[in-house]
There are 2 protein chains.
Amino acid sequence: MKAKYITIIDIARQLNISKSTVSRALTGHPNVNEQTRKAVLELAASQEYQRNSLALGFSRHKTHTVGILVPEFMSTYFPSVIVGAQTVLQEAGYNVVICQQNESYETEVANIKLLLSYRVDGIIVSHTKETRNFDHFTLAQRIGIPLVFFNRIPEDMNVPGVVVNDYEAAFQAVEHLIKIGRKCIAHLAGPESLVNSRLRRQGYIDALKKYNIPYNPDLVLSYDLTMEKVKIYMKHFLDLATPPDALFAINDPTAIAAMEVVKAAGLRIPEDIAIVGFSNDFSAELVYPGLTTMAQPTSDIGRTAANMLLQEMHAKVMNDYSIKKAPTVTLPTKLIIRDSTVKKEQPSLVKKRKGRI
Amino acid sequence: MKAKYITIIDIARQLNISKSTVSRALTGHPNVNEQTRKAVLELAASQEYQRNSLALGFSRHKTHTVGILVPEFMSTYFPSVIVGAQTVLQEAGYNVVICQQNESYETEVANIKLLLSYRVDGIIVSHTKETRNFDHFTLAQRIGIPLVFFNRIPEDMNVPGVVVNDYEAAFQAVEHLIKIGRKCIAHLAGPESLVNSRLRRQGYIDALKKYNIPYNPDLVLSYDLTMEKVKIYMKHFLDLATPPDALFAINDPTAIAAMEVVKAAGLRIPEDIAIVGFSNDFSAELVYPGLTTMAQPTSDIGRTAANMLLQEMHAKVMNDYSIKKAPTVTLPTKLIIRDSTVKKEQPSLVKKRKGRI
DNA sequence: CTGTTAGCGCATTCAC
DNA sequence: GTGAATGCGCTAACAG
């Protein structure tokens with residue numbers, strides 16, 4: 001079972017010309033007789049010639065393809081960033097391939113090597129929560145493949161990246177909870193391995209400090225982002241002698257899972273517990289009650305990362321980040337207040353419909 | 001700015017052996033002295049040799065890579081199918097690259113050609129809603145690249161595919177609405193270009209027929225799946241002289257967008273209008289009220305498609321679907337009943353929390 | 001304007 | 001157990 005592809009040699013033979021001429025005609029090289037070009041293009045079309053990018057990339061050392069690596073895409077965050085990045089890259093004439101890690105470190109390493117072995121021209125990446133060893137990334141750097149990180153950036157690597165103001169955003173989220181009168185604020189934090197988890201956690205701590213609310217470590221749990229854990233940890237919070245009256249969750253899926261637990265326990269949101277998430281996933285608006293959250297400009301993040309990568313790839317001389325500070329762009333977040341912290345109205349207060357029942 | 005990769009020639013030179021030996025050592029060929037092999041492997045590791053898959057695929061005509069093409073991934077449906085497929089393919093030793101079309105026909109054609117030009121060994125695909133010309137797919141077939149479709153299958157092509165029982169599922173969904181006493185059931189249908197849209201629509205019509213409910217074409221609107229349209233069409237339904245008391249939506253995002261309109265109009269769900277979606281997206285469970293929907297076994301769909309593709313790729317002789325019927329697997333759906341059709345309880349009826357307010 | 005040649009990195013003959 | 005030679009499809013440098 002072998003695929004049969006037409007090659008420029010096939011075309012050359014049929015036209016009794018050399019493969020170079022075919023190549024020139026096909027690539028739009030100026031020095032080619034119009035009639036010859038026409039003949040070549042017609043034959044190529046009729047025979048469904050498909051350029052062999054393998055051979056091309058192989059001989060040119062350029063593939064015009066970039067890879068995007070994401071740890072997962074079950075929330076809307078990563079897909080949405082990808083769409084933003086892809087738009088920019090396609091406009092710039094690059095092909096885009098996406099690899100998805102399932103939050104597995106091994107898959108991440110394999111995928112980076114896959115992309116390297118396919119000689120992509122650049123990589124946009126957000127690492128998995130398991131990733132503690134970054135050798136596969138420094139490898140890419142050493143080889144000279146431009147890398148741009150977003151969202152999750154390895155902290156001991158000097159790499160270009162796009163982030164949001166995690167610290168300030170968390171601070172602001174907690175400040176919001178304090179301003180609506182909450183005093184006992186729990187935090188379901190992400191894994192310590194993720195820089196943004198730690199930043200958000202610090203924002204939480206410092207907001208408490210600013211308002212003279214004692215920081216109680218028992219109210220902070222770092223977890224591995226698997227939804228089953230949320231149930232356990234949230235129950236734990238509710239079972240405390242003085243349970244929290246508010247929760248700041250590391251992200252929206254966490255917040256939403258926590259809401260389930262709270263509702264199942266017969267408590268009211270936001271009256272008994274106010275909840276704030278992070279990212280403004282698609283679901284944040286849908287869940288009941290609507291989830292207050294720090295919105296991330298996902299599409300912008302993707303576009304920015306793509307533009308940074310383009311710059312890296314087009315640089316005359318490879319940027320050497322072992323001797324030079326890598327650029328980092330920080331994009332703003334925005335607090336979206338919904339019913340999970342400030343109730344606007346009873347959703348079931350409805351006017352009678354017209355017409356038949 | 002040129003990436004510098006180590007090649008087997010570099011290694012051969014340093015070890016004063018031939019590149020053939022290096023190649024053999026690297027690929028685990030038996031006929032190689034243990035010491036030589038060890039030396040090669042060590043040097044390769046220390047110099048961070050990265051096999052050039054371009055060269056390899058180029059010379060071997062096999063890339064051990066499969067592509068997955070999806071029209072979009074803003075709902076959880078496609079990502080979830082991808083994860084299922086990827087799991088199976090990785091276990092079978094294949095690399096997986098994903099391409100996303102943004103529902104654009106041009107991007108789809110470009111991406112298919114991209115994958116062909118990279119000589120992937122097989123492709124799993126769901127076409128865009130815009131796709132009416134399937135030449136790019138038949139091209140892949142003619143070249144001999146196995147193709148497996150899922151969800152959206154071109155109807156005039158004989159290709160292997162994985163679908164769900166769209167007709168029966170729609171029938172069942174509408175039957176459910178009828179059984180809870182609805183008599184005036186609207187249907188927000190998908191584009192006519194999609195086979196599953198038409199099947200679901202027919203299921204809707206036939207369910208009405210079975211229960212002797214007259215089919216009213218005014219209650220059916222086909223639309224292009226852009227969420228803005230839902231608002232317009234749903235308002236139109238509500239403004240009818242006798243507005244519907246139920247809605248069957250082509251998919252969950254449509255149902256959820258419709259719910260917004262209904263709620264904004266001050267109507268109650270399900271009392272005034274009962275709503276059923278399709279697919280059981282992540283959001284179906286979260287939205288308020290919970291959305292009744294026909295669940296699709298997304299992960300299974302992905303795994304099944306992957307397994308079918310593996311069979312195609314491993315076939316000794318390429319299956320010629322111009323002379324032979326292509327296999328189609330139909331997976332079952334399951335009706336998930338939630339509050340959008342049958343209300344179980346008031347969610348805000350809560351017991352008093354213990355402890356402090 | 002066009003043909004010839006070389007070379008990209010690798011596995012795989014065929015020799016020895 | 002190892003080396004030399006070949007070819008995969010293409011572009012580019014060099015001749016003409």
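Protein chains get the first letters and strands the later ones, always in sequence-line order, with residue 1 at the start of each. The model shown is predicted, which means the values in this text are computed figures rather than measured ones.
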*Asks:* Could you check which of C:dG9, D:dC8, D:dT2 has an atom nearest any side-chain atom of B:Thr7?
*Replies:*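 Nucleotide nearest to B:Thr7's side chain: C:dG9.
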*Asks:* Considering heavy-atom distances to DNA chain C, does A:Asn16 or B:Ser23 have its closest nucleotide positioned more toward the 5' end?
*Replies:*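 In this pair, the answer is A:Asn16.
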*Asks:* Want to settle it: does A:Arg119 or B:Arg24 sit nearer the 5' end of DNA chain C, counting the closest nucleotide to each?
*Replies:*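 Mapping each residue to its closest nucleotide by heavy atoms, the 5'-most match is A:Arg119.
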*Asks:* Per the atom types in the model, does the base of C:dT4 pair as donor or acceptor with the side chain of A:Ser20 at under 3.5 Å?
*Replies:*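 Donor-acceptor pair under 3.5 Å: yes.
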*Asks:* Between B:Glu130 and B:Arg152, is there a side-chain N and carboxylate O pair less than 4.0 Å apart?
*Replies:* no
*Asks:* Please determine if a side-chain N or O atom of B:Tyr49 lies less than 4.0 Å away from the OP1 or OP2 oxygen of C:dC10.
*Replies:*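 So the side chain of B:Tyr49 is within the cut-off, an N or O lying under 4.0 Å from OP1 or OP2 of C:dC10.
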*Asks:* Of the nucleotides D:dT11, C:dG3, D:dT2, which one has an atom closest to the side chain of B:Thr36?
*Replies:*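 Among the listed nucleotides, the one closest to the side chain of B:Thr36 is D:dT2.
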*Asks:* Consider the side chain of A:Asn33, meaning its heavy atoms from C-beta on, and name the nucleotide among C:dT12, C:dC1, D:dC10 that approaches it most closely.
*Replies:* C:dC1
*Asks:* Rounded to whole angstroms, how far apart are NZ on A:Lys62 and P on D:dA12?
*Replies:* 13 Å
*Asks:* Flag the pair B:Glu108 / B:Thr131 as yes when at least one side-chain heavy-atom distance between them is below 4.5 Å, and no otherwise.
*Replies:*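 They are in side-chain contact.
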*Asks:* May I ask you to decide whether B:Glu34 forms a salt bridge with B:Lys38, counting only side-chain N to carboxylate O separations under 4.0 Å?
*Replies:* no
*Asks:* C:dG3, OP1 or OP2 - any side-chain N/O from A:Thr21 closer than 4.0 Å?
*Replies:*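 For A:Thr21, the contact criterion (side-chain N or O under 4.0 Å from OP1 or OP2 of C:dG3) is met.
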*Asks:* Looking at B:Tyr5, I'd like to know if the NZ or CZ of A:Arg119 sits under 6.0 Å from its six-membered ring centre while staying within 45 degrees of the ring's axis.
*Replies:* yes
*Asks:* Starting at CG of A:Asp10 and ending at C1' of D:dC8, how long is that distance when rounded to a whole Å?
*Replies:* 13 Å
*Asks:* In whole Å, I'd like the distance from the CG atom of B:Leu56 to the P atom of D:dG7.
*Replies:* 19 Å
*Asks:* When you measure from the side chain of A:Val32, which nucleotide among C:dA11, C:dT2, C:dC10 comes out closest?
*Replies:* C:dT2
*Asks:* I want to confirm an ordering. Mapping B:Pro30 and B:Phe58 to their closest nucleotides on DNA chain D, which one lands closer to the 5' end?
*Replies:* B:Pro30
*Asks:* Could you give the CD1-to-C1' distance, from A:Ile8 to C:dT2, as a whole number of Å?
*Replies:*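 About 14 Å, once rounded to whole Å.
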*Asks:* Please check if the side chain of A:Thr65 supplies one atom and the backbone of A:Thr63 the other of a donor-acceptor pair under 3.5 Å.
*Replies:*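 The answer is yes, because a donor-acceptor pair under 3.5 Å joins these two groups.
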*Asks:* Using whole Å, report how far CD1 of B:Ile9 lies from P of D:dG3.
*Replies:*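 These atoms are roughly 14 Å apart.
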*Asks:* OP1, OP2 of D:dA4 versus side-chain N and O of B:Ser18: anything below 4.0 Å?
*Replies:* no
*Asks:* From the options A:Asn307, A:Ile124, A:Asn95, select the one residue that forms a side chain to side chain contact (heavy atoms under 4.5 Å, CB included) with A:Leu89.
*Replies:*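 Among the candidates, only A:Ile124 passes.
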*Asks:* Let's see if you can work this out: which of D:dG9, C:dC10, D:dG3 has an atom nearest to the side-chain heavy atoms of B:Ile17?
*Replies:*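 Looking only at heavy atoms from C-beta outward on B:Ile17, the closest nucleotide is D:dG3.
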*Asks:* In whole angstrom, give the distance that lies between atom NE2 of B:His29 and atom C1' of C:dT12.
*Replies:*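 So the two atoms are 9 Å apart, to the nearest Å.
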*Asks:* I need the CZ-P distance between A:Arg37 and C:dC1, as an integer number of Å.
*Replies:*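 Going from CZ in A:Arg37 over to P in C:dC1 covers 9 Å.
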*Asks:* Side chain of A:Lys19 only, please: which of D:dT11, C:dC10, D:dG9 is the nearest?
*Replies:* D:dT11
*Asks:* According to a strict under-4.0 Å criterion, is B:Tyr5 in side-chain N/O contact with OP1 or OP2 of C:dC10?
*Replies:*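 False: B:Tyr5 side-chain N/O out of range (4.0 Å or more) of C:dC10 OP1/OP2.
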*Asks:* When you measure from the side-chain N and O atoms of B:Arg51 to the phosphate of C:dA11, is any distance below 4.0 Å, counting only OP1 and OP2?
*Replies:* yes
*Asks:* Between A:Ala55 and B:Glu34, just flag the one whose closest nucleotide in DNA chain D comes earlier from the 5' side.
*Replies:*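 Nearest nucleotide further toward 5': that of B:Glu34.
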*Asks:* Whole angstroms only, please: what is the CG-C1' distance between B:Asn31 and C:dT12?
*Replies:* 13 Å
